[in-house]
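Data first, discussion second: the structure below is written as structure tokens.
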2 protein chains.
Amino acid sequence: MLELAILGFLYDAPLHGYVLRRHIAALTGHVRPVAESTLYPAIKRLEKAGLLVRATEPGAVAAPRHVLTLTEEGGRELMRRLAEPAQREITDENHWFTLLAFLRHLADPAAQAAVLRRRLAFLEEPASFFYDGDRPLSAEELDDPFRRGVLTIARATSRAELAWLRDTLASLDGVGR
Amino acid sequence: MLELAILGFLYDAPLHGYVLRRHIAALTGHVRPVAESTLYPAIKRLEKAGLLVRATEPGAVAAPRHVLTLTEEGGRELMRRLAEPAQREITDENHWFTLLAFLRHLADPAAQAAVLRRRLAFLEEPASFFYDGDRPLSAEELDDPFRRGVLTIARATSRAELAWLRDTLASLDGVGR
DNA sequence: GCACGATACCTCGTAAGCGAGGTATAGCGT
DNA sequence: ACGCTATACCTCGCTTACGAGGTATCGTGC
């Protein structure tokens with residue numbers, strides 16, 4: 001998820017670590033902050049894998065900067081990660097939102113639609129958080145107000161997302177034809 | 001999050017690892033599956049910390065079971081984790097939902113309300129996923145349909161949750177008076 | 001002249017999660 | 001007799017993440 005965000009931001013423009021950190025904080029920081037000690041090693045991993053290169057520049061304001069530029073391989077890797085996300089990227093909202101934030105980079109509308117359809121299939125599966133044996137329980141069946149909250153909120157999210165998915169898929173299909 | 005779920009389920013009744021695993025899978029598995037190689041070490045951690053005890057029972061169906069029972073210290077630890085959750089438990093929906101699933105165990109309505117109010121404060125902070133400098137962008141200002149989706153979905157979730165939070169807080173305050 | 005905050009990057013030890021793989025038992029179909 | 005599936009638990013090595021702490025530069029206010 002972090003690596004995807006790094007690749008996604010760098011695809012737009014070369015950045016140095018500090019600015020990248022602020023971009024990532026803006027994107028997911030209110031929900032899941034990223035520590036510096038997580039970001040810098042992640043950058044090194046991606047550099048070692050040949051997905052980005054670092055160029056040292058004298059710091060405009062303070063210490064020298066390491067400007068990060070995506071390599072061609074890095075661009076290809078981003079496309080792979082966007083087009084063929086792991087199942088976790090589809091099911092976990094945190095991951096999914098990060099993927100959506102950069103899905104526009106995947107130029108092909110059909111490929112974008114294919115990813116959305118995987119999310120659609122996931123949301124259409126009957127699933128709950130609470131079960132009576134194998135039968136999913138609805139909010140109305142629960143006494144516990146907190147568990148009822150979970151289902152109420154999840155249902156509202158699911159509805160909004162299904163509507164958006166169907167809308168967006170329709171317009172992507174329109175472009176494709 | 002995983003440890004909270006273990007403590008939460010065991011607070012209801014002693015369970016052995018395999019059943020616990022299915023409970024956890026039902027609760028969060030569709031979004032974020034938990035591997036066996038994560039669960040069993042987690043159980044051992046909690047045992048080592050004195051939060052639960054294991055008793056070997058001949059397996060009813062197959063191999064011998066390790067029935068897990070919460071200790072008093074384990075019960076107290078659960079209450080602590082429910083009453084004073086880390087900020088991540090409040091902001092990250094995955095964590096938050098897990099917390100909500102067991103918040104009923106916290107018997108005091110005032111303590112429950114205090115936790116809900118922390119979530120309320122978080123949701124009331126103006127925050128976006130996308131910014132123009134420091135200014136949060138609204139869905140309407142975005143060209144990118146996927147980023148627009150993120151904001152549309154997040155807004156629907158936020159609305160539903162705010163309504164539920166205010167309702168539930170009102171009825172908790174009613175009980176407290 | 002100097003403390004302070006912001007910029008900019010880094011290392012280290014520890015914790016947590018995961019996939020791959022292993023061990024066993026019991027029951028069922030063929 | 002044999003394989004298959006479900007139950008039930010475990011270890012190992014690898015990767016990722018995090019907090020604590022460190023280093024250095026520059027501009028601003030006092």
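A note on names: the letters A, B, ... follow the listed sequences, proteins ahead of strands, and every chain is numbered from 1. Note that the structure is a prediction, hence the values are computed from the model and not measured.
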| request: Could you state the atom-to-atom distance from CD of A:Glu47 to P of C:dC9 in whole Å? | output: 12 Å

| note | The residue, B:Arg88 or B:Tyr18, whose nearest nucleotide of DNA chain D is more 5′ is B:Tyr18

| field | Evaluation steps, ring-ring contact (aromatic ring centres under 6.0 Å, His included), between A:Phe102 and B:Phe146 | value | CA-CA 8 Å; A:Phe102 301 108; B:Phe146 309 111; over 10 Å; no

| request: For the residue pair B:His30 and A:Phe129, categorise the inter-ring angle as parallel (less than 30°), tilted (30 to 60°) or perpendicular (more than 60°). | output: perpendicular

| Of the candidate nucleotides D:dA20, C:dC10, C:dA8, which contains the atom at the shortest distance from the side chain of A:Arg65? | C:dA8

| request: Using whole Å, report how far CD1 of B:Ile6 lies from C1' of C:dG17. | output: 13 Å

| remark: Separation of C:dC18 atom C1' from A:Gln87 atom CD, nearest Å, is 16 Å

| query | Counting any heavy atom closer than 4.0 Å, what does B:Arg54 reach on the DNA or RNA strands: base, sugar-phosphate only, or nothing? | reply | sugar-phosphate

| What about B:Ser37: does its side chain form a donor-acceptor pair under 3.5 Å with the base of C:dG19? | yes

| Between A:Asn94 (CG) and D:dT16 (P), how many Å, whole number? | 18 Å

| message | Counting distance alone, no hydrogens or angles: does the base of D:dC10 have a donor or acceptor under 3.5 Å from a partner atom on the side chain of B:Glu36? | response | yes

| Rounded to the nearest Å, what distance is computed from the CE atom of residue A:Met1 to the P atom of nucleotide C:dG17? | 16 Å

| task | Please check the phosphate of D:dC9 (OP1 and OP2 only) for any side-chain N or O of B:Lys44 closer than 4.0 Å. | result | no

| task | Report yes if a side-chain nitrogen or oxygen of B:His16 is closer than 4.0 Å to either non-bridging phosphate oxygen (OP1 or OP2) of D:dT7; otherwise report no. | result | no

| remark: When rounded to whole Å, the CG to C1' distance for the pair B:Leu39 and D:dT7 reads 14 Å

| query | Going hydrophobic residue to hydrophobic residue with side-chain gaps under 4.5 angstrom, can you get from A:Phe122 over to B:Ile153? | reply | yes

| note | Rounded to whole Å, CG of A:Leu2 lies from C1' of C:dG17 at a distance of 16 Å

| message | Assess the residue pair A:Lys44 and A:Glu47 against the criterion (salt bridge (charged side-chain N to carboxylate O under 4.0 Å, His left out)); give the C-alpha distance rounded to whole Å, side-chain angles, the decisive distance to 0.1 Å, and a yes or no. | response | CA-CA 5 Å; A:Lys44 288 205 168 166; A:Glu47 189 196 14; over 6 Å; no

| Which whole-number value in Å describes the distance from A:His66 NE2 to D:dA24 P? | 15 Å

| said: So if I take every side-chain heavy atom of B:Thr38 and compare against D:dC10, C:dT11, C:dC18, which nucleotide ends up nearest? | reply: C:dC18

| query | Nearest of D:dC12, C:dA16, D:dC18 to any side-chain atom of B:Arg45? | reply | C:dA16

| said: Checking A:Ser158 against A:Glu161: is there a side-chain donor and acceptor pair closer than 3.5 Å? | reply: no

| message | The side chain of A:Tyr40 is closest to which nucleotide in this list: D:dA8, D:dC12, C:dC10? | response | C:dC10

| request: Compare the minimum distances between each of D:dT16, C:dA8, D:dC9 and the side chain of A:Glu3, then state the nucleotide with the smallest one. | output: D:dT16

